[in-house]
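Accompanying notes for the structure given below.
Order of the sequence lines sets the chain letters (A, B, ...), proteins ahead of strands, with each chain counted from 1. Since we're looking at a predicted model, the values are computed, not measured.
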Protein chains: 2
Amino acid sequence: MDEPPCLGERELGAWRALLSTAATLNRLIEQRLKDDAGLSHSQYEVLVRLADAPGGELRMTELAGAATTSKSGLTYQVAQLEKAGLVRRRACPEDVRGIIASLTDEGWAKVRATEPGHAALVRDLFVDGLSRDDFTALAGGLEALRDLLHTRSGDQAS
Amino acid sequence: MDEPPCLGERELGAWRALLSTAATLNRLIEQRLKDDAGLSHSQYEVLVRLADAPGGELRMTELAGAATTSKSGLTYQVAQLEKAGLVRRRACPEDVRGIIASLTDEGWAKVRATEPGHAALVRDLFVDGLSRDDFTALAGGLEALRDLLHTRSGDQAS
DNA sequence: TATGAATGGTTCGAGTTCGAACGACTGAGG
DNA sequence: CCTCAGTCGTTCGAACTCGAACCATTCATA
C-alpha cells in the first residue's frame, strides 16, 4: 500500500512511453515539414501561433510563453523566419521595449500551403492510431497534465 | 460526418497538449538532473538503460534502438559519460565491429544516488497529477501509440 | 574464395538549443 | 525628481543534435 521509493512498472512504462512517443512523433513531423516546406518544427509552430492570433501578429513574450522554446531560442527562430521573408518585426506602439512579430503575405501563404499536409500527418500518426474513446481519454489526460504543469511552472516566486 | 481537411479543435488541442507537456516535463527533469547529478536527461537515460540491462552492459546499437536519440548522438553521449568515468567501452567478443558499453562502479553509484530523486520528481509531476483512472487511461493510450509508431518507424524497407 | 550488399560505430559540419549576462526601458515608492 | 526592482528582447558561448559520409567488418550468394 505504501508508495515505493521508486517508480513501479506501471508508472515507469507510462513515463517512457511518453518520452518515446513524443520524440518519435517529433522526428517524423520534423522530417515531413522539412521536406514539404523547408521549415523546422519550431519554425512551423511559430508561424501557426501567429496565424492563430488576431491580425497575424503577437509580441515576442506572448509567443515565447505559448511555445515549446525558450526566449533566446525564439529570438533565433524569428530571425530565421525573417530572413526567409515569412515574418516581419516591428516596434510595439505601447511599449518601446516590445517587439511585435507579424506574418507577411508570404508567411500567410506558407501556412496555408503547409497546413493540410501537416494536419494529415498528425491525424495519421497521432489521432487515427487510437479508438475514439481511447483518444478522448488520452486527450483529457494530456490537457489536465499540461494545465497542471503550467501553473506549476509559474510558481517560482516567493 | 466526413473528415475535415484540417484538425478539429479536439485533435489540435490534444496534439498541442502532447507537445507542450513533453517539452515542459523534459525541461523540469533536465534542470533537476543537472542540479542534482550534473547529468543531462539523455545521459541519465543511457545510464538507466545500462543499469536495467543484465550485467550493466549493452551494445551500442541496442542502446540506440531503445533511446530517444540518434546513433551519432549516442556516440557523443557515451563519450561524455566515459570522460566522466561512469561508463567504460570495450570490444564485443562475438563481433569485432561491435562495442559494448558497461557501467563502471562509479556509474552504478551515480545511478543509485540519482534514481530516488528523479523518480520522486517524475511521480510528482507526471503520476500524481491525475486520478488513478485517468492515469491508467493515459498510460494505455501512450503505450498503444508508442507501439504503433515503433512498427511504423521500421517500415521504410521495400 | 570472391564479390557485393548490408551492418556497426565514428567523424564531420551545420544547425539548433539553452542559460547567463547584458542594455534598454518601465513603473512604483519615496 | 530619483532610485531601484522588475520586464523585454538580444547577444554570447558552450553544449547538444542530427544526417550524411565514411571505414571496417560481416554475411549471403555464387
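- One finds no side-chain N or O of Gln80(A) lying less than 4.0 angstrom from the OP1 or OP2 phosphate oxygen of dG15(C).
- Between Ser72(A) and Asp95(A), the residue anchored closer to the 5' end of DNA chain D is Asp95(A), taking for each the nucleotide with the nearest heavy atom.
- Residue Glu30(B) is out of contact with every strand shown, counting any heavy-atom pair closer than 4.0 Å.
- The heavy-atom pair separating Leu125(B) from Leu148(A) by the smallest distance is O-CD2, 4.4 Å.
- When rounded to the nearest whole Å, the span between CD of Gln43(B) and C1' of dA15(D) equals 10 Å.
- Residue side chain Arg97(A) does not reach the base of dT26(C) through any donor-acceptor N/O pair under 3.5 Å, judged by distance alone.
- Atom CG of Leu28(B) is separated from atom P of dG19(C) by 10 Å (rounded to the nearest Å).
- Here the shortest heavy-atom pairing between Ala144(A) and Leu130(B) reads CB-CD2, 3.7 Å.
- For Arg27(A), the side-chain atoms get nearest to dG19(D) when compared with the rest of dG9(C), dT16(C), dG19(D).
- Nearer the 5' end of DNA chain C, as judged by each residue's closest nucleotide, is the contact made by Lys71(A), out of Glu94(A) and Lys71(A).
- Put simply, the side chain of Thr75(B) and the base of dG9(C) share no donor and acceptor less than 3.5 Å apart.
- For the side chain to side chain donor-acceptor pair (under 3.5 Å) test, residues two or more places apart in sequence or in another chain that qualify with His41(A) are Asn26(A).
- Atom CG in Leu39(A) sits about 11 Å away from atom P in dT16(C), given to the nearest Å.
- Taking 3.5 Å as the limit, the base of dG19(C) and the side chain of Ser70(A) contain no donor-acceptor pair of atoms between them.
- Residues satisfying the side chain to side chain donor-acceptor pair (under 3.5 Å) test with Arg49(A), not counting sequence neighbours, are none.
- Leu74(A) places its CG atom 13 Å from the P atom of dT11(D), with the value rounded to the nearest Å.
- Atom C1' of nucleotide dG19(C) and atom CG of Asp35(B) are separated by 12 Å, given to the nearest angstrom.
- In this structure, Met60(A) and Gln31(A) both approach DNA chain D, and ranking their closest nucleotides by distance from the 5' end singles out Met60(A).
- Taking only side-chain nitrogens and oxygens, Ser42(B) never comes nearer than 4.0 Å to OP1 or OP2 of dC16(D).
- Here dC16(D) is the nucleotide among dT7(D), dC16(D), dT26(D) with the atom lying nearest to any side-chain atom of Tyr76(B).
- In this structure, the nucleotide among dC25(C), dT16(C), dG9(C) sitting nearest to the side chain of Arg59(B) is dG9(C).
- The separation between Leu58(B) atom CG and dG9(C) atom P is 10 Å, rounded to whole Å.
- Rounded to whole angstrom, the span from the CG atom of Leu63(B) across to the P atom of dG8(C) amounts to 14 Å.
- DNA chain C is contacted by both Gly98(B) and Gly73(A); Gly98(B) maps to the nucleotide lying nearer its 5′ end (nearest heavy atom per residue).
- Atom CG of Leu33(B) is separated from atom C1' of dC18(C) by 16 Å (rounded to the nearest Å).
- Listed here is the closest heavy atom pair of Ala53(A) and Glu57(A): CB-O, 3.6 Å.
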Practice task
Determine, step by step, whether Thr68(A) and Glu45(A) satisfy the side-chain hydrogen bond (donor to acceptor under 3.5 Å, both in side chains) criterion, reporting the C-alpha distance in whole Å, the side-chain angles of both residues, the deciding distance to 0.1 Å, and the verdict.
Solution key: CA-CA 9 Å; Thr68(A) 55; Glu45(A) 277 202 337; 3.3 Å; yes
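- When the side-chain nitrogen and oxygen atoms of Thr61(B) are compared with OP1 and OP2 of dT7(C), none of them lie within a distance under 4.0 Å.
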